[in-house]
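Below: one structure, written as structure tokens.
Quick note on labels: first sequence line is chain A, next is B, and so on, each numbered from 1. Just so it is clear, the model here is predicted, and its values are computed rather than measured. Computed over heavy atoms, backbone and side chain alike; hydrogens, waters and symmetry mates excluded.
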There are 2 protein chains.
Amino acid sequence: MEDNPSDSAAIEALTPQRRVVLEVIRSSMGHLTANEIFEEARRRLSTISYATVYNSLRHLKQAGLVGELNFGNAASRYDRDTARHDHAICTKCGTLVDLYIPATIDLMRAAAEQADFEAESIHLTLTGVCSGCRLVVSD
Amino acid sequence: MEDNPSDSAAIEALTPQRRVVLEVIRSSMGHLTANEIFEEARRRLSTISYATVYNSLRHLKQAGLVGELNFGNAASRYDRDTARHDHAICTKCGTLVDLYIPATIDLMRAAAEQADFEAESIHLTLTGVCSGCRLVVSD
DNA sequence: TTCACTGCAAAACGTTTGCAAACAG
DNA sequence: CTGTTTGCAAACGTTTTGCAGTGAA
């Protein structure tokens with residue numbers, strides 16, 4: 001979760017725009033959308049454009065410095081945590097929660113064998129109702 | 001996988017357009033996109049419109065007659081199999097394979113507890129390289 | 001007559017691209 | 001100089017919507 005020291009060199013090589021985008025993602029607790037990242041990035045670097053945010057996100061993702069998450073047809077969300085982990089998503093409010101289920105990786109072999117795939121990664125998504133939404137009276 | 005007899009009443013109540021959309025999905029072996037469904041539906045019912053295909057898909061999904069799958073920012077794919085199951089997706093060619101990993105459901109309790117969610121469903125996605133793409137010389 | 005559904009066109013949404021200008025090595 | 005990156009605007013692919021017209025109950 002904390003910055004990986006081996007990233008330092010890669011981070012120093014970033015353009016100011018890309019560094020700002022990365023810092024926005026790293027400084028947020030949640031999983032921001034490109035639009036949210038753009039808004040916050042613009043506060044820190046007023047000249048940055050929408051296209052550059054998208055270009056930066058693509059570059060950072062490719063460089064392994066951020067992860068991208070897709071659920072449904074909504075906007076992608078970007079994850080500061082690039083290590084393999086799982087997610088839970090609330091069907092009421094859309095809240096996205098990080099999940100660390102070590103047993104997920106155990107299913108990779110069986111899944112790869114069944115699919116006849118050379119496995120690269122595996123991801124578990126729990127859908128349900130978050131604690132906040134369970135407290136709401138009106139279902 | 002075969003038609004559930006309890007669906008018969010629901011299917012008879014469908015409009016011709018919705019029935020065609022459902023039949024296109026049920027008669028395909030794969031996981032079609034809305035556009036592919038539209039093209040095939042139009043062959044069977046030449047007056048059907050794009051909007052009606054989308055409206056039908058929303059209705060059929062809500063009625064539990066088809067499932068919707070999202071991977072990346074690509075177009076949604078529609079699944080004739082509405083029972084819980086998992087998927088593998090090839091990072092080279094995008095091929096989508098159905099996976100039946102019973103152990104996935106065993107992770108639901110642990111995941112729900114960790115997230116403090118009331119669990120509804122769980123889905124496992126394997127990413128990797130399919131058998132066809134492994135045979136290709138040029139990596 | 002009512003109400004849901006259709007078909008069309010247009011809009012909305014998230015994302016990508018073409019391009020000229022700015023920049024770094 | 002060369003190659004990369006930026007910012008802008010315009011385009012793109014997917015999905016939804018407004019609305020008038022249709023059709024069934």
Side-chain angles (χ1 to χ4, degrees), chain A residues 9-25 28 30-63 65-79 89 94 96, chain B residues 9-25 30-63 65-79 89 93-94 96:
Chain A
I11 292 168
E12 274 173 43
L14 294 174
T15 65
Q17 288 86 347
R18 291 176 183 178
R19 193 157 28 230
V20 163
V21 169
L22 178 60
E23 279 164 8
V24 167
I25 294 167
S28 100
H31 302 84
L32 303 178
T33 63
N35 187 56
E36 290 164 342
I37 293 164
F38 169 68
E39 286 177 1
E40 177 57 27
R42 192 144 235 196
R43 263 176 232 123
R44 306 188 188 190
L45 182 63
S46 63
T47 56
I48 199 171
S49 72
Y50 219 103
T52 296
V53 168
Y54 269 105
N55 286 337
S56 300
L57 288 169
R58 181 161 9 113
H59 176 92
L60 293 171
K61 189 173 46 156
Q62 204 176 296
L65 292 168
V66 305
E68 182 180 359
L69 301 170
N70 276 105
F71 297 101
N73 290 321
S76 288
R77 300 185 164 275
Y78 294 86
D79 199 333
I89 187 160
L96 192 55
Chain B
I11 293 168
E12 276 173 39
L14 294 175
T15 64
Q17 288 86 348
R18 291 176 182 180
R19 192 158 26 233
V20 164
V21 169
L22 178 60
E23 279 163 9
V24 167
I25 294 167
H31 302 85
L32 303 178
T33 63
N35 186 55
E36 290 164 342
I37 292 165
F38 169 69
E39 285 177 2
E40 177 57 28
R42 191 144 236 195
R43 264 176 232 122
R44 306 188 189 189
L45 182 63
S46 63
T47 55
I48 199 171
S49 72
Y50 220 102
T52 296
V53 168
Y54 269 105
N55 286 336
S56 300
L57 288 170
R58 178 159 15 110
H59 176 92
L60 293 170
K61 189 173 45 153
Q62 203 175 298
L65 293 167
V66 304
E68 182 181 359
L69 301 170
N70 276 105
F71 297 101
N73 291 319
S76 288
R77 301 187 163 274
Y78 293 86
D79 198 334
I89 186 159
C93 70
L96 191 56

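Contact check for Arg77(B) versus Leu96(B): side-chain heavy atoms found under the 4.5 Å cut-off.
Residues of residues 49-56 of chain B that place a heavy atom closer than 4.0 Å to DNA chain D, in numerical order, are Tyr50(B), Ala51(B), Tyr54(B), Asn55(B).
If you take CG of Asn70(B) and P of dT14(D), they are 12 Å apart, rounded to a whole angstrom. Rounded to whole Å, atom C1' of dT15(D) lies 14 Å from atom CZ of Phe38(B). Rounded to a whole Å, the CG atom of Leu57(B) is 9 Å from the P atom of dT15(D). dT15(D) atom C1' lies 16 Å from atom CZ of Arg77(B), rounded to whole Å. For Leu22(A) and dT5(D), the CG to P distance is 15 Å, given to the nearest whole Å.
Here CG of Leu32(A) is found 7.0 Å from CD1 of Ile25(A). Values are rounded to the nearest 0.5 Å. Here CD of Gln17(A) is found 6.0 Å from OG1 of Thr52(A). Values are rounded to the nearest 0.5 Å. The line from CD of Gln62(A) to CD of Glu68(A) is 12.0 Å long, rounded to the nearest 0.5 Å. In this structure, CG in Leu57(B) is found 4.5 Å from OH in Tyr78(B), a value given to the nearest 0.5 Å. Atom OG in Ser56(B) sits 10.0 Å away from atom CD1 in Ile37(B) (nearest 0.5 Å).
Backbone-only contact: Ser76(B) has heavy atoms under 4.0 Å from sugar-phosphate atoms and none from a base. The residue Thr47(B) sits close only to the backbone: its heavy atoms come under 4.0 Å of sugar-phosphate atoms, none of a base.
Exactly one residue among Val53(B), Val21(B), Thr33(B) makes a side chain to side chain contact (heavy atoms under 4.5 Å, CB included) with Phe38(B). That residue is Val53(B).
Between Ile48(B) and Asn73(B), the one whose closest nucleotide on DNA chain C sits nearer the 5' end is Ile48(B). Along DNA chain D, the nucleotide closest to Ala74(B) and the one closest to Arg58(B) are compared, and the more 5′ of them pairs with Ala74(B).
Not one N or O on the side chain of Arg18(B) forms a donor-acceptor pair closer than 3.5 Å with the backbone of Leu60(B).
Nucleotides of DNA chain C with any atom under 4.0 Å from a heavy atom of chain B span, from 5' to 3', dC5(C) to dT15(C).
For Arg42(A), the salt bridge (Lys or Arg N to Asp or Glu O under 4.0 Å) criterion is met by no residue, not counting sequence neighbours.
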